[in-house]
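Below, all heavy atoms of this structure are taken into account, side chains as well, without hydrogens, waters or symmetry copies. Every chain is numbered from 1 and lettered A, B, ... according to where its sequence line falls, protein lines coming before strand lines. All figures in this text were calculated on a predicted structure; none of them were measured in a lab.
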2 protein chains.
Amino acid sequence: MELLGERWTVLVLRELAYGPRRFYELKEDIAGISANVLAQRLSELESRKLVRRAKLPPPASIQVYEATEWGLEVVPLIASLGRWAARSPWHDPARRRSHVSVIMSFQTLISAARAEGLRARIGFHFGDVSYVATINHGRLDVERGPTEDCDLEFRGAPNEVSAVVLRGARFETIEVKGDMELAKRFVTLFPLPPKIG
Amino acid sequence: MELLGERWTVLVLRELAYGPRRFYELKEDIAGISANVLAQRLSELESRKLVRRAKLPPPASIQVYEATEWGLEVVPLIASLGRWAARSPWHDPARRRSHVSVIMSFQTLISAARAEGLRARIGFHFGDVSYVATINHGRLDVERGPTEDCDLEFRGAPNEVSAVVLRGARFETIEVKGDMELAKRFVTLFPLPPKIG
DNA sequence: CCGTATCCAATAAGATACTG
DNA sequence: CAGTATCTTATTGGATACGG
């Protein structure tokens with residue numbers, strides 16, 4: 001609790017799950033956090049060795065925050081807590097979510113059995129951030145980066161893409177291109193865990 | 001975070017991991033919590049359906065708090081968070097711990113490889129609370145209850161027992177009785193995860 | 001863009017006392 | 001024993017403004 005117990009701390013760390021981010025990205029993607037609290041949380045995380053400041057190589061040369069190895073090790077637990085918590089009767093999938101949170105839920109919810117034998121590269125575009133997800137041996141491996149050589153691409157706001165992938169919203173509500181047969185199968189790979197009471 | 005995010009909430013839920021408890025037990029075992037905060041946390045947990053009030057069957061007929069099924073499902077994640085957090089450079093094993101926390105760390109830290117092929121029943125006495133742990137197929141199954149038919153028994157304060165089992169403190173610092181060869185092997189089954197920095 | 005400084009408001013917690 | 005009521009204090013978070 002001393003490492004992760006204060007308000008916002010877990011959410012900040014989660015945003016660093018797929019690589020370094022800059023201050024204003026974090027501020028924008030963590031709905032409702034204020035600059036001073038974000039600064040404080042980052043410095044606490046830094047002093048606890050869960051996060052470190054890094055400088056991107058030239059020509060970018062900007063300062064970013066990245067999770068340490070140890071910090072990254074707790075990320076799967078955070079993801080599992082998310083899956084558990086989403087079963088709450090009061091969970092609201094319409095709440096605005098960050099792209100990190102959406103991608104993480106894909107990774108957490110994929111059914112190895114349903115993805116059996118499937119191999120595919122799938123790209124996601126959320127505004128100016130993109131991810132490539134590789135399905136392999138029933139797992140979904142994800143990294144941030146350009147969606148080159150993908151069999152299928154989704155583009156839209158995180159919530160909308162999530163609604164299509166997890167909850168069967170119509171493809172027309174976002175932008176889907178590439179192998180549409182794959183798309184139809186892909187959105188069946190994510191069984192939602194049973195709701196409570 | 002809305003389900004478990006406030007201060008004390010996780011600690012309260014953890015105390016219910018091995019069965020129902022009464023109010024004053026929780027108050028005594030959660031170091032530093034005050035009665036009003038505990039009452040508030042319990043009622044929040046109840047309204048969120050992680051905990052329910054129950055009445056023990058006669059002749060006890062006392063009121064207790066117990067975790068719901070759903071509440072119990074998050075306990076292994078709490079345990080894993082504990083293992084992760086104990087690697088912190090600032091983790092202090094001398095801090096006073098509850099018997100629940102100690103038992104849970106045994107369950108979490110046992111090495112399946114080292115316990116390979118071992119079968120045993122081991123009892124633990126902490127004041128007036130006792131547990132029986134069964135080693136089987138590399139796992140440690142635990143339940144609260146009388147230590148009947150155990151091959152080995154430990155008795156002492158939670159911290160002291162933990163020091164013996166996890167950190168190789170001398171048997172003489174607590175009370176150990178039964179199969180002493182088993183005892184010597186038992187305390188080798190729990191490799192501590194590597195420290196950070 | 002990346003924070004820091006300042007201030008104010010809300011709230012949450014601790015201590016204590018008290019009651020069925 | 002199992003809480004509730006009350007009070008006081010400490011913390012923290014949100015808003016805003018500002019500077020490198």
Chemist: B/Leu38 CG to D/dA2 P: how many Å, rounded?
Modeler: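 Spelled out: CG on B/Leu38 to P on D/dA2 is 11 Å.
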Chemist: Would you call A/Arg22 and A/Glu25 a salt bridge, using N to O less than 4.0 angstrom?
Modeler: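 No salt bridge links A/Arg22 with A/Glu25.
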Chemist: Which pair of non-hydrogen atoms, one from B/Arg97 and one from B/Ser162, has the smallest distance, and what is that distance?
Modeler: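 Distance-wise, the nearest heavy atoms are NH1-OG, 3.5 Å.
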Chemist: What's the CG-C1' distance between B/Leu56 and D/dA2, to the nearest Å?
Modeler: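 From B/Leu56 CG to D/dA2 C1': 15 Å.
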Chemist: Anything under 30° is parallel, anything over 60° is perpendicular, the rest tilted; go ahead and classify B/Phe124 against B/Phe106.
Modeler: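 Tilted.
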Chemist: When the nearest nucleotide of DNA chain C is assigned to A/Ala35 and to B/Gln40 on a heavy-atom basis, which residue is associated with the more 5' position?
Modeler: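 That would be A/Ala35.
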Chemist: Flag the pair A/Glu66 and A/Arg52 as a salt bridge only when some basic side-chain nitrogen lies within less than 4.0 angstrom of an acidic carboxylate oxygen.
Modeler: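 A salt bridge is present here (some side-chain N lies under 4.0 Å from a carboxylate O).
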Chemist: Which whole-number value in Å describes the distance from B/Ile62 CD1 to D/dC1 P?
Modeler: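 For the pair B/Ile62 CD1 and D/dC1 P, the rounded distance is 11 Å.
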Chemist: Measure from the side-chain heavy atoms of B/Arg41 and tell me the nearest of D/dG14, C/dA12, C/dG14.
Modeler: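 Nearest listed nucleotide: C/dA12.
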Chemist: Given axes from five pairs at either end, by how many degrees does the helix from C/dG3-D/dC18 to C/dG20-D/dC1 bend, rounded to 10°?
Modeler: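 Result, rounded to 10 degrees: 40°.
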Chemist: Select base, sugar-phosphate, or nothing to describe what A/Gln63 touches, counting heavy atoms under 4.0 Å on all strands.
Modeler: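 Since only primed, P, OP1 and OP2 atoms lie under 4.0 Å of A/Gln63, the category is sugar-phosphate.
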Chemist: Using atom CD1 of B/Ile30 as one end and atom P of C/dA13 as the other, report the distance to the nearest whole Å.
Modeler: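 So the CD1-P distance, B/Ile30 to C/dA13, works out to 13 Å.
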Chemist: Name the orientation class of the two ring planes belonging to A/Phe126 and A/His99 (parallel below 30°, tilted from 30 to 60°, perpendicular beyond 60°).
Modeler: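 Ring orientation of A/Phe126 relative to A/His99: parallel.
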Chemist: Within residues 15-28 of chain A, which residues have any heavy atom lying less than 4.0 Å from an atom of DNA chain C?
Modeler: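 Contacting residues: A/Arg22, A/Phe23, A/Tyr24.
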Chemist: Checking B/Tyr65 against B/Leu45 for the side chain to side chain contact (heavy atoms under 4.5 Å, CB included) test, could you report, in this order, the C-alpha distance in whole Å, the side-chain angles of both residues, the deciding distance, and whether it holds?
Modeler: CA-CA 10 Å; B/Tyr65 296 89; B/Leu45 282 165; over 6 Å; no
Chemist: Could you state the OH-C1' distance from A/Tyr65 to C/dC2, rounded to the nearest angstrom?
Modeler: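 From A/Tyr65 OH to C/dC2 C1': 8 Å.
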Chemist: Round to the nearest Å and state the distance from A/Asn36 atom CG to D/dG14 atom P.
Modeler: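 Rounded to whole Å, this separation is 8 Å.
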Chemist: Is there a path of hydrophobic side-chain contacts, each under 4.5 Å between heavy atoms of I, L, V, M, F, W or Y residues, that connects B/Trp70 with A/Leu109?
Modeler: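 Not linked; separate clusters.
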Chemist: Starting at CD of A/Glu6 and ending at P of D/dT12, how long is that distance when rounded to a whole Å?
Modeler: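 Distance check: A/Glu6 CD to D/dT12 P gives 7 Å.
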Chemist: So for atom NE2, which belongs to B/His91, do other residues, nucleotides or ligands contribute more than 12 heavy atoms lying within a distance under 6.0 Å?
Modeler: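 Correct, the count exceeds 12.
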Chemist: Of B/Val142, B/Asp141, B/Ile135, which meets side chain to side chain contact (heavy atoms under 4.5 Å, CB included) against B/Arg139?
Modeler: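 Result for side chain to side chain contact (heavy atoms under 4.5 Å, CB included) with B/Arg139: B/Asp141.
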